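Because the structure is predicted, anything quoted here is derived from the model rather than measured. The figures that follow rest on heavy atoms only: side chains count, while hydrogens, waters and symmetry mates do not. We name chains A, B, ... by the order of the sequence lines, and we start the count at 1 in each one.
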Number of protein chains: 2
Amino acid sequence: MAKGITREQIVTAALSLLDDKGLDGLTVRALAARLEVRPPALYWHMRNKQELLDEMSTAVMRRVTTAVLALPPADGWREDLAAYARILRSEFLLHRDGARIFSGTRIADPDVVRMKEPWLARWTAQGVGLADADDAIDLAVAFVVGFVIEEQEQQQSAGTDPSRYSIDQRDAWLGPDVPLVKEAGHLRDHGDQRFERHLGIVLDGLAARFDS
Amino acid sequence: MAKGITREQIVTAALSLLDDKGLDGLTVRALAARLEVRPPALYWHMRNKQELLDEMSTAVMRRVTTAVLALPPADGWREDLAAYARILRSEFLLHRDGARIFSGTRIADPDVVRMKEPWLARWTAQGVGLADADDAIDLAVAFVVGFVIEEQEQQQSAGTDPSRYSIDQRDAWLGPDVPLVKEAGHLRDHGDQRFERHLGIVLDGLAARFDS
DNA sequence: ACCTGAACACCGTTCAAGT
DNA sequence: ACCTGAACACCGTTCAAGT
């Protein structure tokens with residue numbers, strides 16, 4: 001036993017390599033070393049590196065699906081959608097550059113899309129139009145993707161280049177004659193609080209449409 | 001003359017190389033060839049490839065800024081913000097994988113951020129709180145980024161793999177027992193119409209917050 | 001000041017050969 | 001069925017040397 005690498009082990013190792021070394025450090029050779037095989041061994045299990053990246057995306061999205069399906073049915077579309085948005089964000093946040101890397105990549109697993117069915121059923125039963133319901137999901141995903149890309153970029157830059165995101169140095173960098181931009185920078189919040197507020201705004205927009 | 005490559009020429013050539021060959025084809029060596037110099041020549045003008053990517057982002061964002069500043073002052077925050085969102089989307093769409101590549105990358109040019117000042121001034125004069133106004137801009141950007149990433153991914157997959165985005169084949173791929181997911185797929189629209197609708201929803205959410 | 005030639009360490013990938 | 005050794009074409013980057 002303990003012999004023979006599986007596809008699943010490869011993907012898991014690749015995700016942890018990504019988190020340790022970043023996307024630049026995620027090389028086929030480094031991955032092989034971590035799995036204690038020679039690089040060409042990986043090509044028995046997958047066609048090329050792109051397929052590995054697709055599998056990594058699928059694995060992350062499958063975790064989202066699993067978490068969503070474990071959720072108790074909520075009171076209404078708004079709570080369902082909010083829960084989805086929160087899960088999506090936290091799974092993205094689990095991996096370095098997660099939002100940028102795992103968004104927009106082709107979802108190789110139909111189950112991830114099939115998962116929408118119970119929601120569409122519940123929401124349309126609650127009086128929401130089918131097209132509107134589907135729109136709502138896509139809009140929420142777009143918002144989360146955009147939000148977390150920005151969030152992770154700032155987290156990361158704060159690590160490598162504190163000057164760019166320290167408020168005082170930002171003020172100097174901005175130069176004179178933009179008092180409101182500077183003041184707004186000081187008022188800015190971060191993290192969960194900011195996410196919940198922005199999510200609430202998006203959901204309010206959807207509510208306005210659904211109730212008319 | 002005609003001797004001596006400028007930084008600006010490098011960035012312009014890099015953007016057109018990106019559009020022709022994609023991110024994988026954007027190599028220092030291919031870029032040098034296009035500019036008719038040897039690869040090391042580029043390292044006199046820039047520290048490394050990352051700096052080139054940052055400059056490309058900045059160039060794109062500077063085009064956005066220029067277009068925004070050329071805009072006649074609109075009637076209210078909603079029209080200002082909608083115009084910004086449309087400009088951002090169209091500049092992203094100008095370049096292959098534009099949204100994914102140019103979002104979240106550190107903006108190397110303070111002018112891009114300083115541009116917010118006139119809007120913050122106008123909107124707060126219209127009764128919007130400063131923190132809300134700044135939130136609104138960020139939320140709009142997050143939405144556009146998420147929307148266009150998905151939009152460009154679909155455009156691109158439609159080119160390389162028609163089966164994934166042809167409606168009939170998608171139905172087969174989805175499998176049985178998800179009638180609503182399938183029907184929603186048939187109802188789905190694309191392009192400007194979809195963008196304007198989703199943008200409207202986001203702006204409605206902001207309006208609900210601003211008017212309370 | 002601006003560029004080239006040559007070189008270095010490192011990629012992803014293929015393929016014949018091993019077990 | 002699963003993996004290795006050796007090799008190929010190609011990267012980003014450095015640096016001494018040229019003009």
Exercise. Could you write out DNA chain D as a dot-bracket string, with dots for unpaired bases, | for bases paired across to another strand, and Watson-Crick or G-U pairs counted at under 3.5 Å?
Worked result: ||.|||||...|||||.||
Rounded distance (Å) that lies between atom [atom2] of [N] and atom [atom1] of [X]:
X: Asp24(A); N: dC11(D); atom1: CG; atom2: C1'; value: 12 Å
X: Arg7(A); N: dA1(D); atom1: CZ; atom2: C1'; value: 16 Å
X: Leu31(B); N: dC10(D); atom1: CG; atom2: P; value: 18 Å
X: Met46(B); N: dG12(D); atom1: CE; atom2: P; value: 13 Å
X: Leu42(A); N: dG5(D); atom1: CG; atom2: P; value: 14 Å

Exercise. Angle class for the Trp123(A)/Trp119(A) ring planes (parallel below 30°, perpendicular above 60°, tilted otherwise)?
Worked result: parallel
For this session: Please work out which of the three classes, parallel, tilted or perpendicular, describes the rings of Phe143(A) and Phe195(A), given edges at 30° and 60°.
Result: parallel
Exercise. Reckon His45(A) has a side-chain N or O less than 4.0 Å from the OP1 or OP2 of dC3(D)?
Worked result: yes
Problem set entry | Backbone of Lys182(A) reached by a side-chain donor or acceptor of Arg170(A) within 3.5 Å | no
Salt-bridge criterion met for [X] and [Y] (N-O under 4.0 Å):
X: Glu51(A); Y: Arg7(A); result: yes
X: Asp192(A); Y: Arg89(A); result: yes
X: Glu151(A); Y: Arg194(A); result: no
X: Asp134(A); Y: Lys116(A); result: yes
X: Lys49(A); Y: Asp24(B); result: no

From the list [options], which nucleotide is the closest neighbour of the side chain of [X]?
X: Val37(B); options: dT4(C), dC2(D), dT4(D); value: dT4(C)
X: Arg38(B); options: dG5(C), dG12(C), dC3(C); value: dG5(C)
X: Trp44(A); options: dC2(D), dT4(D), dT4(C); value: dC2(D)

Exercise. Taking C-beta and beyond as the side chain, do Asp20(B) and Arg96(B) meet within less than 4.5 Å on heavy atoms?
Worked result: no
Show each protein N/O and nucleotides 13-15 of chain D N/O combination with a separation under 3.5 Å, one pair to a line.
from    : atom 1 : to       : atom 2 : distance (Å)
dT13(D) : OP2    : Tyr43(B) : OH     : 2.6
dT13(D) : OP2    : Lys49(B) : N      : 2.8
dT13(D) : O5'    : Tyr43(B) : OH     : 3.2

